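Please read the structure below before turning to the comments.
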Amino acid sequence: MAYEIVTLGGKEIEVDEDGFIQQPALWDEDVARDLARQDGIEEMTSDHWQVVYYIRNYWLKFEIAPLIRRLCKETEKDIDTIYDLFSAGPADGACKIAGLPTPTGCT
Amino acid sequence: MEREKKYIPSGLAGTYMRRIAESDPFVREIQDEPSALRLYMDTCTKCGVCAQECPVYYGQPDKRMHPVERSRQVLRLYKKYTTFWGRFWNAIFPKPDFEDNDAELFAERMYECLTCRRCAAFCPVGIDHSVISRVGRSLVDLMGLTPPSLAQGTHNSFETGNLEGASVEAFLDAIQFIEEELKEETGRDIAIPLDREGAEIFFLPPSGDVLVYAENLMGMAKIFHAIGADWTMSSRAFDGSNFGFTTGNNFSMKYENKHYIDACEKLGCKLMVMGECGHAYRVMKFMASEGRWWGALPFDITSGFEYTAQLIRTGKLKLDPDKNLDPVTYHDACQFAAGCGIVEEPREILKAACADYREMPDGGYTQWCCGGGGGLSALRSVRAFRMEVSGKKKAEQMRETDAKIVSTSCLQCRTQLKEIARHHKMPLQITGVHEMINNAIVLE
């Protein structure tokens, strides 16, 4: 698979064709802000960070993203709110900004 | 998974030697293809009925999207290596299979077919272009040009037994969460039994119904609880899906299938109930089981729809349709409707579980694909194509029904329908079928 190297948050990071970063260890808040800007999110609010950090911490523990139902429950947001925050949706939006590798599978 | 590119080298010697020996997997792949291919090649009259009915051609009526034109790309190679005249001319004037970037273009075109089989339903001679596209995709796979997200999915299935690549710990954590949710919702201890030897029923949902969405599994757990069934899931083989079927790679297809057959046999279950994945069910029921891939199987196979519909028919489930008051429509997933003939069962379930059920236009056996069929909905790179070309009419149809909820039987359809709804600014909720049961079931 061909990866492209782009500068995110002042670092050179490999991304795949869909824009997911391939070196999750290099992720920090600056990287997240730059990834968010690509998705049209100019300002990361505390709500954004809450979702992003929940996904990130879950991923660090289990190496997959949490169930959508769980994400909504633990961050106390319904699915529409998450779509309002991340217009690309929980997977392509929030997980990408949280620095997860490309999610695979049907969903 | 990185594969070496199997281009046919230019130059007479290299090409000729490999042809003679027929050791080239590319050639072998074509020659091993289903005999249906030969039949289709000989019987196609190029009348164009398929194009009138094709969702892709509807979205973009030009030559490139024409099913016959797409299939011609595959049949050209097939003719070259399997027919007398094809071999004859190739021996005298050998030409490379693909020139310049044609292999990449060929790969792109094979992934412009939704493999929904609508063409087969309308073709006067019954030509199924999805079979031809799948052969094309197997060649694409041999050249290592399968789209990365699908290739990664099959790779994950090899490594971990599920498409997401989740570990057993992650699975157990998800199950624990779902059990807690069940407890919170119903106030009862509804267990999801794991790895229980000698259980009667082996339940096999696609992994997305455990690791991404919880509602379908919750619905099924409530059903099993309501009828007091003796059931289990496996913590190793919990993914009833099949990407090998989509990528055309027969080895992956069989491996993914074998994985959960072994698990079911090991636990000694008598009935395998499969969740809402039409690919896995079609491979399991109509290929592996009927075709005796692994000999006679010591268990029966049924889909969750047939199982639940049968329970509703016999009055074993108590459902309260007032729990689902919003208008609901059903989108037929290609693999269940056109692939397995499961059309009535999901409708029976939805009619029993919802107060206001509406038909979607072009439903049933000749269903209109959502535009994400054949693995396309997992490809982010073709999103624009899915929204504006292949999914164009589905958006119109969903709007026509005026429903608030679209229920469907496939996770890939769900992803695609969700994206279409957002793209075309429709405030729709997309659900699974057992998710509606999860809302409506009355536990006594």
Side-chain angles (χ1 to χ4, degrees), chain A residues 1-4 14-22 24 35 38-40 54-76 78-98 100-107, chain B residues 1-2 144 147-157 162-167 169-174 177-178 180-181 184 206-215 217-218 239 241 243 246 276-277 279 372 375 377-381 383 410-416 418-419 422 427 429:
Chain A
M1 276 173 245
Y3 298 130
E4 211 183 316
E14 283 180 8
V15 297
D16 68 3
E17 54 172 14
D18 303 315
F20 285 83
I21 66 170
Q22 299 301 310
L35 285 166
Q38 290 174 359
D39 277 0
Y54 181 72
I55 293 176
R56 176 107 196 139
N57 289 334
Y58 191 89
W59 180 79
L60 286 173
K61 210 164 151 194
F62 292 109
E63 294 197 343
I64 60 162
L67 278 150
I68 291 179
R69 194 182 173 99
R70 182 173 213 153
L71 174 68
C72 294
K73 193 175 181 186
E74 308 263 339
T75 58
E76 293 170 351
D78 61 20
I79 187 72
D80 292 333
T81 319
I82 291 183
Y83 268 103
D84 289 343
L85 289 171
F86 302 94
S87 56
D92 288 4
C95 288
K96 188 197 274 181
I97 294 168
L100 270 60
T102 328
T104 52
C106 303
T107 44
Chain B
M1 207 162 20
E2 286 284 336
S149 46
L150 294 180
Q152 184 67 40
T154 49
H155 175 71
N156 286 350
S157 285
N162 66 83
L163 291 172
E164 276 80 1
S167 60
E169 290 75 36
F171 169 76
L172 294 178
D173 186 65
F177 171 77
I178 293 171
E180 283 163 15
E181 287 291 290
E184 201 173 293
S207 58
D209 270 341
V210 186
L211 303 172
V212 185
Y213 303 112
E215 292 78 9
L217 179 56
M218 287 169 69
D239 181 18
S241 60
F243 264 27
T246 307
E276 303 193 2
C277 173
H279 298 93
S377 79
L379 305 182
R380 291 171 186 83
S381 49
R383 195 167 180 278
C410 165
L411 287 167
Q412 296 199 4
C413 295
R414 277 171 83 166
T415 310
Q416 164 75 356
K418 226 171 238 176
E419 288 185 13
R422 288 195 66 78
Q429 199 192 336

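All values derive from a computational prediction rather than experimental measurement. We use all heavy atoms of the structure for the numbers below, so side chains are in, but hydrogens, waters and symmetry mates are not. All chains are named by letter (A, B, ...) in the order of the sequence lines, taking the proteins before the strands, and each is independently numbered beginning at 1.
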Please classify the contact of [X] with chain A as side chain, backbone, both or neither, using a heavy-atom distance under 4.5 Å.
X	value
B:Arg383	neither
B:Asp173	both
B:Ile178	side chain
B:Ser207	neither
B:Phe243	side chain

Results of side chain to side chain contact (heavy atoms under 4.5 Å, CB included) for B:Glu184 - residues two or more places apart only
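By the side chain to side chain contact (heavy atoms under 4.5 Å, CB included) rule, B:Glu184 matches A:Lys73, B:Glu181.
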About how many Å separate CG of A:Asp16 and CZ of B:Arg380, when rounded to the nearest 0.5 Å?
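Here the interatomic distance stands at 8.0 Å.
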Toward chain B, the part of A:Tyr83 with a non-hydrogen atom under 4.5 Å
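For A:Tyr83, heavy atoms of backbone and side chain both lie under 4.5 Å from chain B.
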Verdict with reasoning, B:Leu163 to A:Cys106, per side chain to side chain contact (heavy atoms under 4.5 Å, CB included):
CA-CA 8 Å; B:Leu163 291 172; A:Cys106 303; 4.0 Å; yes
Quick check on the structure: residues of residues 60-72 of chain A within a heavy-atom distance below 4.5 Å of chain B, by number.
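The list, in residue order, reads A:Phe62, A:Ile64, A:Ala65, A:Pro66, A:Leu67, A:Ile68, A:Arg69, A:Arg70.
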Among the options B:Thr246, B:Val212, B:Asn162, pick out the one with the most heavy-atom pairs lying under 4.5 Å from chain A.
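Counting heavy-atom pairs under 4.5 Å, the top option is B:Val212.
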Ignoring hydrogens, what is the shortest heavy-atom contact between A:Ser87 and B:Arg422? Give both atom names and the distance.
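Looking at all heavy atoms of both residues, the shortest contact is O-NE, 4.0 Å.
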Closest non-hydrogen atom pair between A:Gly105 and B:Ala378, with its separation
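What the structure gives for the nearest pair is O-CB, 3.8 Å.
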